[in-house]
Amino acid sequence: MSKATAIAAANIAFIKYWGAQDLDRALPLNQSISMTLSECVTRTTVEHLPEEGEHLIQLAGEEGDLIQATPAFAARIAHHLSELARDLGVEGAFRVATINTFPSAAGIASSASGFAALATATTAAVGQEWDASRMSIRARLSGSGSAARSVLGGYVEWPREIKDPESAAHQLAGPEHWELCDLVAVVDAGAKGVSSRDGHRRALSSPYFRQRLNGLPRRLETVRRSIAARDLVALGEAAEAEAIDLHLIAMSSDPPIFYWRPGTLAVLERVRGLRHEGCAVYATMDAGPNVHVICEPEEEDRVAAALGEVHEVIRLIRDRVGPGPRLSEEHLF
Ligand code: PMV
């Protein structure tokens with residue numbers, strides 16, 4: 001096979017990757033835990049062109065049209081393709097086309113789904129075997145740490161050992177273990193002002209950075225146990241505290257980063273209000289203004305209706321836990 005298409009989903013972190021030992025290879029300073037989604041996905045087609053040449057990177061439109069990617073996006077993908085080729089032991093160039101089902105660069109982990117899909121499709125295009133650990137390493141060689149988690153479905157922790165340069169993700173539980181919903185309240189669909197790469201770099205300048213790291217082993221254990229026991233209250237409280245810490249560190253970095261918008265607070269207020277009314281629902285945010293609202297399927301309609309009434313919510317994506325990457329015969333070219 002010289003052409004392959006992969007579909008991979010974004011993920012939402014309950015414990016965040018924030019701050020790195022090595023940003024280029026995405027070696028973290030702490031373990032992170034996430035849930036892989038099912039609706040927010042990237043579809044990527046890769047063709048291996050064995051003769052030497054430039055990589056060709058295109059974006060696919062809804063109508064099947066293909067346009068040239070912007071130079072910055074194409075350069076990032078091309079750099080990663082060269083890393084992948086080295087890791088796979090192949091020569092030549094690649095043609096790539098990709099499409100997301102959700103707004104890119106708005107804190108919905110489009111780099112996670114994008115690089116997980118790229119690693120999976122490239123590996124298949126050169127006819128090599130899929131291996132979860134290898135795929136996790138390949139995905140994070142892109143510089144996107146969250147991509148290391150999107151190569152697996154369900155509930156995922158990365159890494160097992162933070163000192164390990166071969167650091168890979170592993171699955172804590174499959175998607176069938178616990179059907180959780182993630183309602184993504186989009187309050188701003190534009191690209192974020194500060195990349196997560198800059199956020200990781202600046203995080204170490206926050207006076208709260210070390211403090212959070214010191215408390216993390218306990219919080220990680222709470223999240224592992226709450227997933228094992230399907231305990232939404234314990235998971236939600238830990239995930240919400242963790243999201244506040246991430247943004248506290250961002251806001252107190254030098255220079256500071258404000259990812260929140262007025263709509264972010266409006267959604268957080270509504271989630272607290274729902275809890276006050278007896279609904280088990282919790283919120284978390286990645287490096288962006290949009291809020292991921294977590295609940296169980298029985299509460300999904302009630303939560304969706306309440307979020308739909310928040311004036312600042314411009315789109316609501318109803319997502320839930322999902323599987324890892326899969327290959328598809330529906331190629332983009
Ligand atoms: O995957 P990166 O390198 O863009 O970093 C992701 C950072 C967060 O989304 C904020 C947290 C996480 O663990 O997903």
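- Between the Q128 side chain and the L88 main chain, a donor and an acceptor come within less than 3.5 Å of each other.
- Residues T5 and H331 have side chains that bring a donor and an acceptor to within less than 3.5 angstrom of each other.
- In the hydrophobic clustering of this structure, L118 does not group with V41; members are Ile, Leu, Val, Met, Phe, Trp, Tyr whose side-chain heavy atoms approach within less than 4.5 Å, directly or through other members.
- Closest approach of W18 to A287, counting heavy atoms only: CH2-CB, 3.9 Å.
- A234 and D231 make their closest contact through N-OD1, 3.1 Å (heavy atoms, listed as atom of the first residue, atom of the second, distance).
- Hydrophobic clustering, with ILVMFWY side chains joined whenever heavy atoms are under 4.5 angstrom apart, groups V267 together with L265.
- D182 contributes no side-chain N or O that, together with a main-chain N or O of D319, makes up a donor-acceptor pair within less than 3.5 Å.
- For H177, the NE2 atom sits in a packed shell: over 12 heavy atoms of surrounding residues, nucleotides or ligands are nearer than 6.0 Å.
- Checked against salt bridge (Lys or Arg N to Asp or Glu O under 4.0 Å), E157 has the following partners two or more places apart in sequence or in another chain: R224.
- Connection of I227 to I12 is established within a shared hydrophobic cluster, with ILVMFWY side chains joined at heavy-atom distances below 4.5 Å, either directly or through further cluster members.
- In this structure, I162 and N30 approach most closely via the heavy-atom pair CG2-C, 3.7 Å.
- Between T45 and F333, the shortest heavy-atom contact is CG2-CE2, 3.5 Å.
- Under the 3.5 Å distance criterion, with hydrogens and angles disregarded, a donor-acceptor pair is assigned to the side chains of W158 and S167.
- The local environment of CD in E221 is crowded, with over 12 non-hydrogen atoms from other residues, nucleotides or ligands closer than 6.0 Å.
- Side chain of S196 to backbone of G199: no donor-acceptor contact under 3.5 angstrom is found.
- The side chain to side chain donor-acceptor pair (under 3.5 Å) with S32 is formed by just one residue from the set R149, E242, K16; it is R149.
- Ring planes of Y155 and F14: parallel class, angle under 30° (limits at 30 and 60°).
- R318 and D301 are joined by a salt bridge, as a carboxylate oxygen and a charged side-chain nitrogen come within less than 4.0 angstrom of each other.
- Using cut-offs of 30° and 60° for the angle between ring planes, the H247 and W260 rings count as tilted.
- Using modelled atom types, no side-chain atom of T123 and backbone atom of W130 make a donor-acceptor pair closer than 3.5 Å.
- D87 has a carboxylate O that lies under 4.0 Å from a charged side-chain N of R134, or vice versa, which qualifies the two as a salt bridge.
- Defined by atom type and a distance below 3.5 Å, a donor-acceptor pair is present between the side-chain atoms of N100 and T42.
- Formation of a donor-acceptor pair under 3.5 Å by the R140 side chain with backbone atoms of A147 is not found in this model.
- Without hydrogens or angle criteria, S82 side chain to A78 main chain gives a donor-acceptor distance under 3.5 Å.
- Shortest non-hydrogen contact noted between S150 and N11 is OG-ND2, 2.9 Å.
- Dense packing is recorded around CD of E52, with more than 12 heavy atoms of other residues, nucleotides or ligands lying under 6.0 Å away.
- The two residues Y208 and S252 make their nearest non-hydrogen contact at CD1-OG, 3.3 Å.
- Between R261 and E312, none of the side-chain N atoms (NZ, or NE/NH1/NH2) sits under 4.0 Å from a carboxylate O, so this pair counts as no salt bridge.
- With sequence neighbours excluded, no residue satisfies salt bridge (Lys or Arg N to Asp or Glu O under 4.0 Å) with R326.
- With hydrophobic clusters built from ILVMFWY side chains whose heavy atoms lie under 4.5 angstrom apart, V291 shares a cluster with F258.
- Between R270 and E277 there is a salt bridge, with a side-chain nitrogen of the basic residue lying less than 4.0 Å from a carboxylate oxygen of the acidic one.
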